[in-house]
There are 2 protein chains.
Amino acid sequence: MAEEHLKLENQICFSIYAAAREMTKLYKPLLEKLDVTYPQYLVLLVLWEEESITVKEMGQRLYLDSGTLTPMLKRMETAGLLYRHRSPKDERSVIISLTDQGKEAEKEASTIPFQLVEQLGMEEEELVQFKASLGKTLERVHQKNQE
Amino acid sequence: MAEEHLKLENQICFSIYAAAREMTKLYKPLLEKLDVTYPQYLVLLVLWEEESITVKEMGQRLYLDSGTLTPMLKRMETAGLLYRHRSPKDERSVIISLTDQGKEAEKEASTIPFQLVEQLGMEEEELVQFKASLGKTLERVHQKNQE
DNA sequence: GTAAATTAGATTGTGCACAATTAAATTATA
DNA sequence: TATAATTTAATTGTGCACAATCTAATTTAC
């Protein structure tokens with residue numbers, strides 16, 4: 001029998017880890033109309049915001065490295081959602097931008113956040129506070145990982 | 001430019017998703033002495049609690065399916081941490097139990113949760129509340145996924 | 001008792017996720 | 001200016017994570 005502090009339920013990281021996966025699963029049916037995976041949806045979210053961004057910047061926004069991004073972006077390029085091209089200013093950099101198809105997808109996506117939050121069934125106040133704690137935690141942990 | 005509700009920063013799931021990955025990364029150096037990955041560490045946490053459990057139950061505890069568990073448990077068996085054997089009572093079931101090595105590993109693991117929480121730098125009160133929201137969210141989302 | 005339905009775990013196929021490494025381009029230094 | 005150091009994205013290798021499928025065992029229905 002494990003000591004109290006080693007119990008699974010008391011591991012905050014486990015709850016985050018499991019919740020992240022469960023929430024991603026909740027997105028799956030909502031993303032069918034876009035025909036994208038959850039990480040791809042995140043890429044689109046960023047591109048709808050920026051329209052054009054380097055792989056490096058995308059990685060910074062999503063806390064993902066090029067090992068993950070490159071194959072994913074390639075698949076999205078193949079699917080007609082985005083373009084990838086070398087920057088003329090710095091040939092090491094690859095710029096990602098939306099195709100018309102990718103831009104159009106935003107319309108279909110506009111209800112998704114509401115649908116998701118609705119399924120959470122959380123009070124507004126709790127949601128705001130929870131989001132704040134999450135944001136702070138993410139920044140703090142990311143910073144720790146940078147050290 | 002994306003509408004406000006489609007901005008990345010406003011997606012609660014993104015924060016959870018990113019925080020989960022960043023926290024898992026924070027565990028990596030702490031888990032070196034055990035020579036296990038984070039998901040493997042979770043398996044050990046459960047086994048230190050239960051000592052013996054079926055693959056099905058393990059999956060229920062960790063919200064993982066056998067597609068993920070079977071290869072992971074095989075690797076852990078190979079590493080000498082646990083045994084896997086068919087249940088005599090129901091030959092479809094596989095029981096997982098700790099080896100002596102697996103049991104011993106608990107001692108080395110006992111400081112890890114403290115080390116992790118220390119790195120979070122969170123106030124006790126905030127941590128308690130955060131954990132509560134996480135727990136509730138996990139249950140709610142899991143339930144939604146069961147429907 | 002027998003056949004149909006369900007269950008548990010294994011397997012197959014695909015998409016991440018990340019550490020380490022590589023090649024080319026750019027920046028910093030002497 | 002030439003060389004060393006750093007940066008960017010791609011690649012390689014390994015470990016998940018999950019949907020779909022399969023096989024064998026067990027349970028349920030008749």
Side-chain angles (χ1 to χ4, degrees), chain A residues 14 17-29 31-32 34-43 53-60 62-79 81 83-96 142 145-146, chain B residues 14 17-29 31-32 34-43 53-79 81 84-96 142 145-146:
Chain A
F14 168 68
Y17 169 75
R21 290 185 290 102
E22 290 289 310
M23 281 186 93
T24 302
K25 222 187 257 180
L26 212 47
Y27 266 96
K28 199 172 188 303
L31 296 177
E32 268 181 22
L34 299 184
D35 193 28
V36 296
T37 62
Y38 179 71
Q40 289 173 10
Y41 170 65
L42 295 178
V43 168
I53 191 174
T54 63
V55 171
K56 180 185 178 182
E57 286 163 334
M58 181 63 83
Q60 286 171 337
L62 299 181
Y63 303 89
L64 291 173
D65 66 13
S66 74
T68 304
L69 281 173
T70 298
M72 183 165 44
L73 295 172
K74 278 181 177 175
R75 278 189 293 274
M76 290 175 80
E77 188 180 28
T78 299
L81 293 168
Y83 302 114
R84 295 186 316 130
H85 60 282
R86 289 275 160 189
S87 162
K89 287 201 294 199
D90 179 347
E91 289 188 36
R92 297 171 299 178
S93 289
V94 170
I95 298 178
I96 316 158
H142 184 57
N145 281 322
Q146 300 286 86
Chain B
F14 168 67
Y17 168 75
R21 290 184 291 103
E22 289 288 313
M23 281 186 91
T24 303
K25 222 188 257 180
L26 211 47
Y27 267 97
K28 199 174 188 304
L31 295 176
E32 269 181 22
L34 298 184
D35 193 26
V36 296
T37 63
Y38 179 71
Q40 288 172 10
Y41 169 64
L42 295 179
V43 168
I53 191 174
T54 63
V55 171
K56 180 183 178 182
E57 286 164 335
M58 181 65 82
Q60 285 171 340
R61 291 294 297 277
L62 299 181
Y63 303 88
L64 291 173
D65 66 12
S66 75
T68 304
L69 280 173
T70 297
M72 183 166 42
L73 294 172
K74 277 182 177 175
R75 279 190 292 276
M76 290 174 81
E77 187 180 30
T78 299
L81 293 168
R84 294 185 318 129
H85 61 280
R86 289 276 159 189
S87 163
K89 286 201 296 198
D90 179 348
E91 289 189 33
R92 297 171 301 179
S93 288
V94 170
I95 298 178
I96 316 157
H142 184 55
N145 281 322
Q146 300 286 85

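Just so you know, these numbers come straight off a predicted model, no measurement behind them. We name chains A, B, ... by the order of the sequence lines, and we start the count at 1 in each one.
Regarding B:D65, its CG atom lies at a distance of 7 Å from the P atom of D:dA19, rounded to whole Å. Between the CZ atom of A:R21 and the P atom of D:dA19 there is a distance of 11 Å, rounded to whole Å. If you measure from atom CG of A:L62 to atom P of C:dA17, you get 9 Å, rounded to the nearest angstrom. The distance between atom CZ of A:F14 and atom P of D:dA17, rounded to the nearest whole Å, is 11 Å.
For B:Q60, there are no side-chain hydrogen bond (donor to acceptor under 3.5 Å, both in side chains) partners at least two apart in sequence or on another chain. In terms of the side-chain hydrogen bond (donor to acceptor under 3.5 Å, both in side chains) criterion, B:S87 has no residue partners (sequence neighbours excluded). With sequence neighbours left out, A:N145 forms a side-chain hydrogen bond (donor to acceptor under 3.5 Å, both in side chains) with B:E22. For A:R92, the side-chain hydrogen bond (donor to acceptor under 3.5 Å, both in side chains) test picks out A:D90, with sequence neighbours left out. For A:R75, the salt bridge (charged side-chain N to carboxylate O under 4.0 Å, His left out) criterion is met by no residue, not counting sequence neighbours.
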Summary of protein contacts for nucleotides 3-16 of chain D, nucleotide by nucleotide, where a base hit scores B, a sugar-phosphate-only hit scores S (4.0 Å, heavy atoms): ----BSBBB---SS

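Classified by interplanar angle (parallel below 30°, tilted 30° to 60°, perpendicular above 60°), the ring pair B:Y27/B:Y38 is tilted.
Place B:Y63 and B:K89 on DNA chain D by their nearest nucleotides, and B:Y63 ends up nearer the 5' end.
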